[in-house]
Amino acid sequence: MDERYDPARVERAAQDYWNSRQAFAAREDAPGEKYYCLSMFPYPSGRLHMGHVRNYTIGDVLARFMRMNGRNVMQPMGWDAFGLPAENAAMANGVPPAKWTRENIAYMKRQLRSLGFAIDWNREIATCDPAYYRWNQWLFLRMLKKGIAYRRTGVVNWDPVDQTVLANEQVIDGRGWRTGAPIEKREIPMYYLNITAYAEELLGALDGLDGWPERVRAMQANWIGKSTGCEIAFPYADDTSAALGGPGVLKVFTTRADTLFGATFMAVAAEHPVALAAAARDPKLAAFVDECRRGSTMEADVATQQKKGLPTGLHVRHPFTGAPLPVWVANYVLLGYGEGAVMGVPAHDARDFEFASRHDIPIVTVVKSKSGAYARVAAPWIDAYGEPGITVDSGEFSGLESAAAVDAIAAALEARGLGAKRVQYRLRDWGISRQRYWGCPIPLIHCEACGEVPVPDEDLPVRLPEHLVPDGSGNPLAKTPEFVNCKCPKCGRPARRETDTMDTFVDSSWYFLRYACADNERAMVDARAGYWLPVDQYIGGIEHAILHLLYSRFWTRAMRDLGLVTLDEPFARLLTQGMVLNHIYYRHPEGGRRTYHHPADVELRDGRPVLIADGAPVVHDGLGTMSKSKGNGVDPQKLVEEFGADTARLFMMFTAPPEQTLEWSDEGVQGAFRFIRRLWKAVHDHVSQGAADGDFAALGAEHKALRRLTHETLAKITDDLGRRHTFNTAIAAAMELLNAATRVSGADAQGRAVVREALDVIVLTLSPIIPHVTHVLWQSLGHTGALIDERWPKPDPAALLRDEVELVVQVNGRLRGRIRVAAGASEETVRAAALAEENARKFIGEAPVRKVIIVRDKLVNIVV
RNA sequence: GCCGGGAUGGCGGAACUGGUAGACGCGCCGGACUCAAAAUCCGGUUCUGGCAACAGAGUGUGGGUUCGAUUCCCUCUCCCGGCACCA
């Protein structure tokens, strides 16, 4: 073998071997239990970034590990190819999104191949291919028929200058990102998927997802947001009946019906009918309603904005006392949640308290919390005011515990027909219509005579014309007559094709099913999906913890209810990897724009960051995700060219556990490269000494210790890779073993045998992480078979036995000494040895020993 | 604002079920090799005191439970992810 490690040569050799044998093509009839290993597919933005490298390396390590453990592994890859960035690139460069996207895919595919991932490229899909998205359309029509999809109006951001709908991220401080024009809200017809019908099931099934991180399950549960409460109807007072043209009720939903007697006002959303009716007669109110409607609908904005309100002058009546309650319009009440109206109980709700204090609305205490001995709620607000307790001043419902009061009040309301207990979810239905070009067309035709008509199955897919270039002023589809103009499938008269496209979350909600049968042109899924699904291990960024994963769980169930799959949950186990960060440095010249500088161009002088080029200081802006705008990205391509794919993979896996954020470090890359070179040299030195045919029959203490370490390390790496997914500690253990193996005196036959065994174990167990170099080293070590076809080794129990163990001796929990005792020594022996330990005795002194705690094979704690 | 997560040497991190804090790597310091440098190899490296043995302090803040807490409970601070049209 070569004395020098040459990554380019090694990686070409290994990849040529795998490619020539189609080593990673997955077959349904191959032996072994199936293992479907899936990493979230990338958006083809142009170049791979480090987050991708990290994501796909994690998946690849698991896929290769499982393959060596006898599993029939499938690891596919594809492209989340529709979306906004392609339209932005088109506007900037005048290139059609289709061309831009396909070129990006070709380039990124080459990059992925260079990293040596064990991917079955035969199953590759791109969501922008008609062969894929036709099934979006096909399923959408079935959902429409079954009532899972439906049409209603929804609110969008409207840029009045560009005459176009903007995404939330294109709205900056309430203005269009390109035009700077104040954004208006518009209500337009859209299609929705009835995910709320599945809320209960999606919530309940979280308990069974024990292969998912607890935090993701918690986030999903909170997102679904089930609350059990009470619907309460407040009858209109005469003024409100008059304004709305007849009697009626104002409905609210509350989880705190026990505070009903503390309600001193009502608050409704700006779009609520009562608000609109009042605004019609009051210009000031109309202006306020208008202002609210212009404001952001983003939850974060709504929650942090100043709470504002105006009285409508109208009233409703308390359902029990009949007392009139003023109705306010408030900007913190959303039409989309609950009934679009809330009852204001300032004494027991922090938000209502703030609102009432500002507007001089009375505060009436009706619950005494068990802990707080207050008689009356008064400023400042304390959390105890909002806690449940015993009701007071609540008529016939006084003196009850909150829970009992809720029950009693709900029953009384129900008897009067003014309310009932009800379950409410925070989750909203999923609006999938996008007024954009680069997405999957919604397969509907609008006919003046027949209304909304589905495109017949035989006409699917509705193909997206690929030559268009968006210019930022509306959806180019709508301006393309050959797309829009069509015949009504029902009556044959001229009709208009729907020009909205689908949310890209639709594309990603079922791609994992399509990998199982990507070549099937006749059906969306077939029996092979039954074989491969569910995904055994899904790997992706934590930023997808809620939306993508929840939509996929819903979509899978929808397909189940349409009889296409028998699956409930698509992803059995989930690993959410952390982001890849790098330092951010910038300069901010007077009156100029910030200029960012790459961390590689910055060094520390006397603890202060300066630009190497001119030695003048730069500002350190902490750590952030690698991005073009912050100028702190590192190109995986350069990394692979300079150090090789194995170093890139090793660095990613070693530097942090997968779920944590990972900090980029050029020195860390060097360290990873150095380790591979050290491993190469160790194998080279070993094999250049000739055969290693000694046996393990009568080893000396030093060789016995190395052999024990070899098998302890094997056991640890197996556990770290297979169960804990802590690749960093697995690598650390392999490094320790290499350090020990290169230190042992291995010139004699037995020494050579134990060193050889250690090297075999290191090469085998690191092969999922650094597959290229280990592929070549395995051959150098004299093995004839290919490493990828080897079985994962098992530790030899005999090698793990110890004669002696070292115990820590503590006095009152403080470390005072160490003792060595025979393995399996009795507690009495251990106790006596500990009490005899010299340093420990100094600390025991004359004091009587009160207790001795013995933790087997670990420590003895003497309590005095 | 709400929901979720995090904070350990100079740095990334380890300590898995309450039991030796700092594995492994980086950086730094010293040495070997070299005409020299790079590379490589060997040794040291939490802080304070001490020649040393050893002692004291120490896991973001303040408190609690325990023989024993980085780990469990409460409080606060700061950082990160998500908040429904970025993907």
Side-chain angles (χ1 to χ4, degrees), chain A residues 40 42-43 45 80 82-85 88 154 156-157 165-171 213-216 218-223 225 297-305 332 336 351 427-436 503-505 508 541-548 550-551 576 578-579 581 607 622-625 651 654-657 659-672 674-675 677-678 681 719-720 723-724 726 728-729 731-736 739 742 806-815 818 839 842 850-853 855 858-864:
Chain A
M40 289 181 186
Y43 179 80
S45 55
D80 189 11
F82 277 136
L84 211 46
N88 294 339
V156 295
N157 305 308
V165 175
L166 298 183
N168 282 339
E169 73 159 5
Q170 298 173 314
V171 180
E214 188 52 49
R215 58 172 162 158
V216 175
M219 280 191 258
Q220 292 219 344
N222 288 329
W223 186 261
T297 48
M298 287 169 70
E299 192 184 298
D301 295 338
V302 173
T304 49
Q305 74 191 350
Y332 64 88
R351 202 166 52 177
L427 181 69
R428 311 200 290 257
D429 274 348
W430 174 14
I432 60 157
S433 293
R434 297 290 180 270
Q435 296 69 42
R436 267 192 268 290
D503 181 5
T504 57
F505 275 122
S508 56
I542 182 67
E543 66 272 20
H544 296 290
I546 296 175
L547 291 181
H548 161 60
L550 193 65
Y551 289 150
T576 47
M579 296 173 312
L581 309 180
L623 287 162
T625 50
F651 167 74
F654 179 63
T655 303
E659 308 231 322
Q660 282 180 35
T661 56
L662 182 147
E663 246 181 73
W664 185 260
S665 153
D666 286 323
E667 293 81 12
V669 173
Q670 293 279 354
R674 243 185 333 247
F675 170 74
R677 213 157 47 181
R678 212 159 61 228
K681 184 171 184 299
D719 189 46
D720 284 352
R723 178 183 64 91
R724 298 178 66 206
T726 51
N728 55 329
T729 56
I731 295 164
M735 286 173 167
E736 276 184 86
N739 290 343
T742 50
E806 190 183 65
L807 302 186
V808 160
V809 181
Q810 296 181 337
V811 179
N812 287 342
R814 315 254 321 167
L815 174 65
R818 291 160 201 279
N839 200 46
K842 273 198 335 217
R850 289 202 295 142
K851 201 155 73 166
V852 177
I853 293 153
V855 181
K858 285 219 170 123
L859 66 73
V860 184
N861 187 15
I862 301 160
V863 185
V864 297

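Computed from a predicted model, the values in this text were never measured in an experiment. Below, chain A is the first sequence line, B the second, and so on; all start at residue 1. Just so it is clear, the values below take in all heavy atoms, side chains as well, and ignore hydrogens, waters and symmetry mates.
- Panel note: side chain A/Asn157, backbone A/Leu166; a donor-acceptor pair is recorded below 3.5 Å.
- Of the candidates B/G19, B/G13, B/C26, the closest approach to any side-chain atom of A/Asn861 belongs to B/G19.
- Atom CD of A/Glu667 and atom C1' of B/C28 are 12 Å apart (whole Å).
- In this structure a side-chain-to-backbone donor-acceptor pair under 3.5 Å is present from A/Gln170 to A/Ala167.
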Practice task
Dump the intermediate steps for side-chain contact (heavy atoms from CB on, under 4.5 Å) on A/Phe675 and A/Phe654, then the final yes or no.
Solution key: CA-CA 11 Å; A/Phe675 170 74; A/Phe654 179 63; over 6 Å; no

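- Counting any heavy atom pair closer than 4.0 Å across all strands shown, A/Ser665 reaches no nucleic acid atom.
- Nucleotide B/G13 holds its P atom 14 Å from the CD atom of A/Glu659, rounded to whole Å.
- Nearest heavy atoms, A/Asn812 versus A/Asn861: N-OD1, 3.5 Å.
- Within the 4.0 angstrom heavy-atom criterion, base atoms lie near A/Val808.
- Nearest nucleotide to the A/Ala732 side chain, out of B/G27, B/U20, B/A23: B/A23.
- With sequence neighbours left out, the salt bridge (Lys or Arg N to Asp or Glu O under 4.0 Å) criterion links A/Arg724 to A/Asp720.
- For A/Gln810, whose side chain is taken as the heavy atoms from C-beta onward, the closest listed nucleotide among B/G19, B/G13, B/G1 is B/G19.
- Using P as the reference atom, B/C72 and B/C2 are 24 Å apart when rounded to the nearest Å.
- Proximity note for A/Lys858 (side chain, C-beta onward) versus B/C86, B/A23, B/G19: the nearest is B/G19.
- For the side chain to side chain contact (heavy atoms under 4.5 Å, CB included) test with A/Arg818, the passing option among A/Leu807, A/Asn839, A/Leu859, A/Val808 is A/Val808; the others fail.
- No contact: A/Pro42 has no heavy atom under 4.0 Å from any strand.
- Closest of all the heavy-atom pairs between A/Phe82 and A/Tyr43 is O-CE1, 3.5 Å.
- Scanning all heavy atoms of the two residues, the minimum distance from A/Arg436 to A/Leu84 falls at CD-CD1, 3.2 Å.
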Exercise for the section: Test side-chain contact (heavy atoms from CB on, under 4.5 Å) on A/Trp664 and A/Thr655 and set out the steps. Expected result: CA-CA 9 Å; A/Trp664 185 260; A/Thr655 303; over 6 Å; no

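- In this model, the phosphate group of B/A14 is approached by a side-chain N or O of A/Asn728 to a distance below 4.0 Å at OP1 or OP2.
- Among the protein residues, A/Asn222 comes within range of the sugar-phosphate backbone only, with heavy atoms under 4.0 Å from sugar or phosphate atoms but none that close to a base.
- Distance noted for atom P between B/U40 and B/C78: 44 Å (whole Å).
- Here the closest heavy-atom approach between residue A/Ser508 and residue A/His548 is recorded as O-CE1, 3.1 Å.
- The shortest distance between the side-chain N/O atoms of A/Arg678 and the OP1/OP2 oxygens of B/G25 is below 4.0 Å.
- Within the nucleic acid shown, A/Arg818 comes within 4.0 Å of at least one base atom, counting heavy atoms only.
- Nearest heavy-atom pair, A/Met219 versus A/Ile542, reported as atom, atom and distance to 0.1 Å: CE-CD1, 3.9 Å.
- Computed from coordinates, the A/Leu550 CG to B/C3 P distance equals 19 Å when rounded to whole Å.
- To the nearest whole angstrom, the two P atoms, one in B/C26 and one in B/A53, are 27 Å apart.
- Across all strands, A/Phe654 comes closer than 4.0 Å to base atoms (heavy-atom distances).
- With pairs defined as Watson-Crick or G-U wobble and both atom distances under 3.5 Å, the stems of at least three pairs that touch RNA chain B come out as B:1-7 with B:77-83, B:10-12 with B:24-26, B:27-32 with B:40-45, B:46-49 with B:54-57, B:62-64 with B:72-74.
- The interatomic distance linking A/Leu859 (CG) with B/A15 (C1') rounds to 14 Å, in whole Å.
- Glycosidic conformation, B/G81: anti, with the torsion outside 90° of 0.
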Completion exercise
Expected string for nucleotides 79-85 of chain B under the B/S/- scheme (protein heavy atoms, under 4.0 Å, primed atoms plus P, OP1, OP2 as sugar-phosphate) is -SBSBBB

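- Contact annotation for A/Ile853: base contact, defined as any heavy-atom pair under 4.0 Å involving a base atom.
- Atom NZ of A/Lys681 is separated from atom C1' of B/C41 by 8 Å (rounded to the nearest Å).
- Out of B/A21, B/C86, B/G4, the shortest distance to the side chain of A/Leu815 is found at B/A21.
- Atom CG of A/Asp720 and atom C1' of B/C16 are 9 Å apart (whole Å).
- Here, B/G12 and B/G27 have their C1' atoms 11 Å apart, quoted to the whole Å.
- Across all non-hydrogen atoms, the minimal contact from A/Phe651 to A/Glu663 is CZ-O, 4.0 Å.
- Position along RNA chain B of the nearest nucleotide to A/Ile731 versus A/Thr655 favours A/Thr655 as the more 5'-ward residue.
- For the pair A/Met735 CE and B/G13 P, the computed distance is 15 Å after rounding to whole Å.
- Nucleotides B/C74 and B/G13 have their P atoms positioned 26 Å apart, rounded to a whole Å.
- As judged by a 4.0 angstrom heavy-atom cut-off over every strand, A/Asn839 is placed among residues touching the sugar-phosphate backbone only.
- B/C41 and B/C24 are spaced 15 Å apart, taking the P atom of each and rounding to whole Å.
- Neither OP1 nor OP2 of B/A39 sits under 4.0 Å from any side-chain N or O of A/Arg674.
- Atom pair A/Asn812:CG and B/G19:C1' shows a separation of 15 Å (rounding to whole Å applied).
- Side-chain atoms of A/Arg850 and base atoms of B/C67 include no donor and acceptor less than 3.5 Å apart.
- Proximity note for A/Arg677 (side chain, C-beta onward) versus B/C24, B/G13, B/A39: the nearest is B/A39.
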